[in-house]
Each structure stands twice: as structure tokens, then as C-alpha cells.
Amino acid sequence: MATRRSGPRFGHRIKIGLGAAIVLGAVLMAILAPLLAPHDPYRQDLLARLQPPVWAEQGAWKHPLGTDNYGRDLLSRLIYGSRLSIMVGVSAALLSAVLGSVLGMLAGYKGGWLQQVIMRFADAHLAFPEILLAILIVAAVGGSALNLILVLGVSGWMVYARVMYNLTRAVRERPFIEAAVSHGASDAYILARHVFPQLVPVLTVVCTLQVAQMILQETALSFLGLGLPPPTATWGNMLAEGRDRLWVAPWIANFAGLAIILVVWGINMLGNGLREHLDPKAKERR
Amino acid sequence: MAETLVDIAGLEKHFAVAGGGWFSRRKLAVRAVDGVDLAIRRGETLGLVGESGCGKSTLGRLILRLVRPSAGAIRFGGVDIATLEGAALRAVRRRAQMIFQDPYGSLNPRMRVADLVTEPLRIAGRPPAAGYRAHAESLLQSVGLDAQHAERYAHEFSGGQRQRIGIARALALEPELVVADEPVSALDVSIRAQVINLMQDLQARHRLTYLFISHDLGVVHHIADRVAVMYLGRIVELAPKRALYATPRHPYTQSLLAAIPAATPALRGRRVALGGDPPSPLAPPPGCRFHTRCPHAIERCRREDPPLQAAGEGHSVACLRADEIGPIAIPLIQPGGRAGR
Amino acid sequence: MIRHILSRLLTVPITLLLVALVAFVILRLTGDPVEIYLDINATEEQRQLLTAKLHLDEPVLVQFGLFLGEVLRGDFGESLQFGGPAMPVVLERLGATLQLVAAALTLAVVLGVIGGIVAALRKDRFADFAISGLAVAGQSMPSFWLGILLIQLFALHLKWLPTSGTGGLEHLVLPTVTLATFLLPNFILITRTAVLETINELYVTTARAKGAGEAVVVLRHVLPNAINPVLSFLGLQTGRLMGGSIITEAIFAWPGVGSLMVKSIFQRDVPIVIAAIFVVAVAIVIANLIVDLLQSAVDPRIRLD
Amino acid sequence: MALLEVEGLRTVFPSQEGEVSAVEGASFSLSEGEVLGLVGESGSGKSVTAFSLMRLVQAPGRIAAGSVRFEGRDLLSLDEREMRKLRGRRMSMIFQEPLSSLNPVWTVGQQVMEPMLLHGGVTRREARERALAMLARVGIADAARRFNDYPHQLSGGLRQRVMIALALVCEPKLLIADEPTSALDVTIQAQILELLRDLQRELGMAILMITHDLGVVAEIADRVNVMYAGRIVESAPVETLFRAPAHPYSAGLLQSVPDMGEERERLPTIRGIVPRPGEMPPGCAFAPRCPYADAACTVAPPPVHTLTDDHAAACVRPLGAHG
């Protein structure tokens, strides 16, 4: 029974700080892409095909991370690729957050047939692979940034609906809701003043973590050739292109993979840190 | 006799049991309140006692119309509110307020105390003459809290202080009736007395009517003018306090009083414990609901459902054999009084 | 319990109906089937004949009804690539997918549950930080890149394992590991949380107060109660697992339903795609029913409701 | 010789301000077959005391000082394996919430058999027979049928009976009962208290009855320890405590219980609130609320004043001591 400085008490601060730093860096990179990228990401240079990164034997500072099969500068493509991945990820996560939270809150607060319909639908949808649905729809309507946002946004709603539903039901049972009813408050007032504010922390956490999921899904679609059509610079496209050159130029795939894992990991750290920070149980222990 | 504030007749509330499923043919219902007639007089404190699951909390919520009755009438100040809906219902709710059992859960943790206690006024759209902030401070002072406390959040207070905040909030709308649902059960013994005294002071100052719901017969004895005893959705005995404690007529009331732990060691183990558990309110027994546990039950009790009948001045009891059994005095205190100085 | 299972069974047709609706919408979105089936030189007469044969001249609702009828009969139309009916082609590939999914699921559940328990029991110590940290990193890992990394390391550099295709057990290793990492991190974290929540329950203290040792406490009292949230999660993850198998099969050219589906999408072979969707949906539904049964076997409160 | 002797027990929990004592220097003893009430309000340290005796304090809490001698052995120096042999066999514990203290996935019978099987020496058949007999002994009417029921199928009163059965099935010398009737209705509470009283007499065991309810103490205890803010402030035979409490806190507690014998306009109260852990006043923890406190009370924790052989109070000037 040795005394231990309880680690997690400060752990969440580190996670939030580290995660936020990575996320901030990625966002800045996306915004400042034209200033940061050394080359035009789409300019082909067939004489400089498949050049390795600068630290390899034949590498040169002209292309710090080397070039791809068409001689395009990888660093520039990586920097520009962040724009689409982040924009699609954030927009899709926000779209599904709005859809899912409204439906989940309604189902949880109103109950009855509305709840039955919404939640049965969510369960059925949750059982169906979301990536499969996205594949099918993109295959049918074609990949554009807007289509990707819509498809991923719509196919992610039930995650929020489930969480918000359960939470709303729990909040609904809390005595201060009954207190508000006894003061003569209307449903709209109670939802806005008493229910929604209780949901915000969890919504923030889920939304953060979903951005990471959406980025992964977008890159997965691109990887399968169902994302934005080439030559658009996206991390998923770069991975897919790199896969065919693994023997001769493994760096093409690996830099894209590293970029994805770093950003997604940063977002996950931020989300988990926020969850620990906002967890009421953890708070009581402090 | 004082004016009647609340008049309840034939009140029933049956809750359909969730999870009965689409495939079950019989629909189950908890008969939480199952035929209650009761009048609350203006200015009195009516104690409502019974064990968990007897329906006393549901009855309190029916009177505030926080739940919708399945049948029966609730006349509040002469108007039947049993079937009101929408804005009319919300207006009526403001005339009666509730003090909750759980001082932790009944205060929104994200609101400051000043906003908590004045929220009923905001909802009602009745800004106080002095402004919300000043009014919040005077409400807090009236329940014995500091005006500076208005800026804080509920979790910064102890249980007793939170219950004071809850009381201040209930009084914000100057209600005629206050339903107090186990207001001191969650509090420590030394804090309980403070809150009970406060409730009595406020009653005198604001001429409040209390429906005081509790499982604690000791607390009810101190605060109530009249006492109603509930068992499985029914009121089985109703009497002025002194009569109920000195000459209980219903065998259930007698058993309840007998089951209270001794006030002093000298009285220990003198009484017979009531056997068995209360039956499920899903399927109350036929006849008298208490017959499965009643030491005096006879064949007739299994068949006939006894009505609540007069049994003395202001005293009524629902028992077929009340006259045969007669009042039984339960020794509640040691002769010669108690300790302390 | 029977009632519980029956009410769960009732959601099956709802799920499948929704899937049918999605499939039908996609079918219509992909363009005019007449254009796909006939080549450019077809005559107007041929077009009209096919239009009538495919009931494309009927109202949409009728078309959907006819489509449902075909689905119920297992008739998904003729494959463009393979010539014959679509369903048998898909079913032929099902074995390979099931083999991959079963192997990955076993790996993920075994490692996930063990890892989660160890992390929970060593909470806030090194083992917990290591396991939980790896799990969060694993959640952030795009599995297709993991597949590529594994190929580079084990196939290209070390030359221990083949890069793709089927054959002996050695072909199964990399796809299994890749697919398992879709689930493993979540399993670890969910198990850890479930064990931590259970271990503070009063009945665990009761077990200790009886004189039970740590092994008895964990195996007899904590685990049977902690396993239920893990099972619920497993039910929710079957869809994710099937989705993951599509990507994994694409990376390793694994001849399963997933790679068939992706290939058919590019070939515009709609009957195969629709048939594959239904096979996947039915597999998910069956998996969920099995999870339900397992849950009620573990927890008497579900069994005896 | 005393069955249980506790000396200077101190149990601490970490907090942001450093370690906070939940129990501070508790000393008491319990003879064989004696029922000792441990009374206090929430946060007084009475439950932590109980868990400390079983060495079941949940981490990160820990026992920081003191000794616990049970049947002559110092429990705090035993290794965990030796300690396990005592739990459930020589000393048992029951809790406030009978539903959450029973494992939901095992039948009642399995749970009552478990202590016997854990401690060995019986076959499954013997364990089964003894479990059945014990279930019948705690007043479960159709024990054979209930044996295969799960906890959620029983009422609250039956669950607590099952809990008592599994605690007593190995016939321990000491039962630690942590608020065993507080979650129950008053008529069921009376049944359980009567059952505990009967079993205590029959098995000759000692009971440490932890409760906030003075009525429970009056019903069952031989002696009482009153706890306040982690310390034992008074120790007395039960009749003495109710007749002539010496510590102002005990007296205030007794008076603030509504009395059904007399009608009073107002209830006597103890002013103020219990200090939070970590914000303990330097002197007597009760001084800020005490009607008799003066400067002397705020300097140092008060010494234990022995009034008679069996009556002591931790107070600078105990009530009744000066006439």
C-alpha cells in the first residue's frame, strides 16, 4: 500500500497540451501551405522521378523528402495534402455532430415512438459498416470534397445519436430537471437551459475523437481509389500511389502514413485528455 | 375548520412497466397510487408516511401535477387540475412547489446559487422589484445563508446548506403549498434538526401549507399536524398526530410504530417485528392489501377491500376489524423522559 | 429470455429492409442499367425490351417491391464480369473472408481482453502506461499503412512472409495482424474500463472480505461482470470488422468478398456489389445475434428478465 | 483477554493538500460476544475504521499507524495470505447495500458456499448442506428454492439475510456490520436487527455495529463509541451514553433526534457544519460547533478524560464531570 503520486491528475494536462500543439501545427500547416511548400505540388519533373529523401545517398536538398513517380515534390504534396484531410475531417465531424445530437437529444428527451424510430434506425445503421456505405455512395456519385463531407457526415450521425441519447436519458432522470418542471418550465426551456449544457463536455470529446475517425476514413477511401481523384494531393492518394512503388521508393507511402498517424494521434490525445479533464468522476477524486 | 386547499378524490396512477416487450400479452402496471381520497387544509402540515414503494412520492408528484393521473380528481384551490396541459398546467405548477430529497442532484451543478434560487421567477417571467441579484440575496438570507454565497456553485456547499438553497428556490414564487419529499432523509442527524426548524419558521412567516412526505415517523411526529399512512398505493389511516401516535388503529400503523428502533436501550426488544416483505405493487393482493402480513387477518380480509372509514374525531382507518382490535398503545419512550440537560 | 431474443430477432428484418433500401438507392444512383448492360450499338427495340424486362417503366415503389422480391429469392441478377448469377460468385468468396475475419477476431479478443485486464490491474503503473499508450497509438494508426509497413518489413526486407495472395498459413499472418489492429486498441481500452469499473463494486469487496485471493477475485468476481460491456462492444464492432476486412483484402489481394466488391465497384458490376452487401449485412446480423446469446448466457439479469 | 484491540489507528487518504486522516488515533477494544456500536455521521471515519480492521481500505487510502490485535495477533503485520485466512472465517463483514454487495452473476447458494470452499476443509456436498442450513437459519423460508435464485430476484430484506448467511457461514468470532439496516425499510430493519441479535447470542460472536442511527445502537449495542471527524470522542456503556452523555457532541446528537414522547416547539440543534477533511481546526474538531467551547478547546486536541472505569470522553470539560 505504498503512497503514489496519482499520475493521471496531471496526465490529462500533458495530453491536452501535446495534442493541442500537434493539432495547431497541422492546422497552421494547412492554412499556410502556399507559404510553406517549397514547390508546386502538381508540377511534374520526369527527370527527377523517385528521388529519395535528403538523408539517403542520392538525396538532395532540392526535394527534402524526395519525389514521387512523376517527379513531384513529396514535401509540398504532404503539406498541401493536409488541407483536404483536415477540412474534410472537421466538416464531416461537425455535420454528423449536428445531425446526431439533435436526433439523439430528441429521442432521449421525448421517448415514445420517436425514440423507437430514431434509435432502431441508429442501431441498424451502426451495425452496417460505415466505410462500406461510404464506399458505395462515393462509387455511385463520385468523389469530390463536398461529396466526401456529405457522405462521411451522414454516415457518422449514429455515433453521436447513441451517446447523446444515453446521456440525455441520464440527465433527464436527474432531480434538477424535475425541479425545473415543477417551476413551470417548458420543454424547450429545459432542453436549452438544463439538458444541453450538461451534454456539451461529452459532445466536445466525441466530436474531437470523431475528427480523427473521419480523417482515417477519408484517407481509407482515397487509398481505395474512391476519394478525390488523382492527381489531387491527399494523404490517402499518396499512400495508394506509394503502395505500388514499395520496392523502389518506400518513402512515398511512409511519409504519408507518418503524417496521418501523427495528426490522428494528436487529435486522439487531445480528445482523451479532454475526456479525463471533464470526467466528473475524476473531478470528485481530485 | 380551516379552508381546504387541496382536495383529492379517487386518485389513481398506474405506471406501465417498461420492458414488458412487444410479445407479452399481459400488460403489467405498477399501481403506485390506487384510489386515494385526501384533503389538505390551508396552513396545516400533513405528514405522509409509508415504506419505500408505497406510492407516497408519486402522490406528492400527482398533487404538483409532475405526473399525470390515470384517474381521479385533484382540486387545487377549487379548480380541478388533474387533466390540465400546456401553459395552464405550467401556471398551476407555480402555485405549489417542491423540496426534493436529494440536495445534491436537485441543484443544477452548472448554475450559480443566485441563478438557482431566482430561476423560478425567470421562468415565470416575474422579475422581482429589487432586481434578480438583490432578490437572490434576500432569499438566501431568509434561509440562513450568507448573501455572499450567491456567487458560488452548489458543489461548494454541504448537504444541509444545499437543502437550504433548495428551500429558498421553492419559496421564490411564494407558493401556497410546498410538497417536501423526504427533505431531511439525506442529511446527517445533527443537520436534520436545523432544516426542520427552518421549515417550521418559514411556515409561520409565510403561512405555508406543507405536505411532508417521509419514512421517518420521528420527524413526522415533530412537524406534522395530521398524519396519513400509506401502504401499497392506499391510505390506510389518517388522523391528527396525537391520536395516530397514541392510539393507532390500523394494524399496519401499529406495526410501523412498533418497528421504530428504541429511543433508549431500556426499551430494546420489547416489540414484535412485522414478518415478511410488502407484496409487489405490480400485483397487490386481493381484499385488504395488508392481509398477507397482518397478525389479525381473517378469512374475510382476503376477500373484502376495506374502505377508509371514520373511527373517531378526524380519525379514519381502512380496516375491517379496527373495532375488534382497538387502539394499541406502543411504548415509544421511556417513562421519565430522556437524557440531556 | 425467449422474449428478449424474439424482440432482438424483430430488428433483423428492419435492418435488412434498410439495407435493401440503401442498395436500391445505390442501384438507381449508378446510372441507367440499360446503358450498362447493352453496348452502344444496341437498337431502340433492344433498349425497350430490356427496359420492360427490368421493369424500369414501372413506378419507383413498384420497382422497389420487385427488387425486394428478387432479393428474397436470392436473385441479384447476372454478373457482368463472370456471366453467371451474382450470388454464387459472392458465396464462393465468403470462405476466404470468414477465415480472415475469424482469425483476426480471435487474435483481437484474446490479446485485447488480456491486455485490458493487465492494464486495469496495474493501473497507473508502467504496464498500464505501456499498454494504454500502445492502444491509443494503435487507434491512430491507419490500418492500410500498417499493412504496408508489415509488407515492407516482413515481406520485402526479412522475406519471411509473402506479400499477398492465399496459400498456406504464412499467407494468413500479415492480413490477420492488420485486420486485428482495427479492433485490438478498442478492445484493450474497453476491457480496461470495464474491469476498473467492476473492481470498485461492493461485491468485489465482499469477495475479499470472504478471504478470496486476487486470482479468485479477478476470475470469479470481476471478469464475469466486466465481460458484458466488452461483448456489447463486440456486437457494435462487427460492422467495423467487416469494413476493415474490405480494406485489408484490398491491401493483400486476399480473394474474399471485400476485394471482390472493390473490384466490382470499379467494373460497375452492380449485381455483384448488391449481392455482396447483403452477404455482409446478414453476416453482421448473425454475429450480433450470437453476441446477444452470449450476453444473456453470462448475465442472469438479462436471462431471467 | 479482549477479542479485538485497536491502538492508535490512523488511516489516511491522499488529497490535493497532501494526506488527510480519515481515522485519527482510534483506540478501542471489543470482548468476545460483545456488541460494540460505532456511531457517527457521514465522514466521521466510522466506515473507514471498519475497512481498516479487515485491511480492506481501498487504495490510494492506507493505514498509516497503529496496531490491530485480533485473537492475540497483530493484523497489520500479517502477510496478505495470513490475513486472507482470517477474513470470512474468523472475522466477517456485511454492508449497507445488500444488492450491490452480492455478485449479480452467481446464485445465492454459490455465494453462501464460497467462504467454506475458499477456506477448505469441506467437500462441495458438505458446503451445500451447511449453506442450506445457514440460509434457513437466517430466516429464509424456502431455502432450497432460494438457493438457485440470483440476487436480483430477491427483495431487499432477503438479500440482507443472504449477506448475513454468507458472512456467518464459517461461524466467525467477529462480525463487522457497516450500516446493515440503513438502506432497509423500518419494518424490515426491525426484522434484521432481531435476527442479528439472535444470531449473536446463539453463535457467541462479537459484533462491531457501525451506524449513524442512535436507535439501532439502542436496540443492539452493549457499549458505544461515538466518532466525530475521524476521532473517537466518547466511549461508554449504552445505558450510560443515553442517560448521561459526557461529550457535548454526543449530547447534541441525542437531543436533535425528534422524540415521539414529548412535543417540542423546536428541536435542539447543533449549530454549524462538520469541518471538511483537510480543514480541521487545530484544537478540538468539535470546538467551532460546541456551545461550551472556550480558548482552551482551540489549542490542542483534547485529552481523553476517564470519568469512570468504562466511560471516557475526549473533552476538556466533559458534561457532568464537574457536577
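Quantities reported herein were computed from a predicted structural model and do not represent experimental measurements. Labels below follow one simple rule: chain letters A, B, ... track the order of the sequence lines, proteins then strands, and each chain is numbered from 1.
- Of the listed residues (B:Q141, B:R133, B:H135), just one forms a side-chain hydrogen bond (donor to acceptor under 3.5 Å, both in side chains) with B:E137, and that residue is B:R133.
- Residue with the most contacts toward chain A among B:A91, B:A124, B:P109: B:P109 (heavy-atom pairs, distance under 4.5 Å).
- For B:R61, the part sitting under 4.5 Å from any heavy atom of chain A is the side chain, from C-beta outward, and nothing else.
- Within a 6.0 Å radius of CZ in A:F121, no more than 12 heavy atoms belonging to other residues, nucleotides or ligands are found.
- Most heavy-atom pairs under 4.5 Å with chain A: of the set B:M98, B:R94, B:R110, B:M111, this distinction falls to B:R110.
- Neither the backbone nor the side chain of B:A170 comes within contact range of chain A, judged by heavy atoms closer than 4.5 Å.
- Under 3.5 Å, the side chains of B:E182 and B:H215 contain a donor-acceptor pair of N or O atoms.
- A donor atom on one side chain and an acceptor atom on the other are not found under 3.5 Å apart for A:R169 and A:N166.
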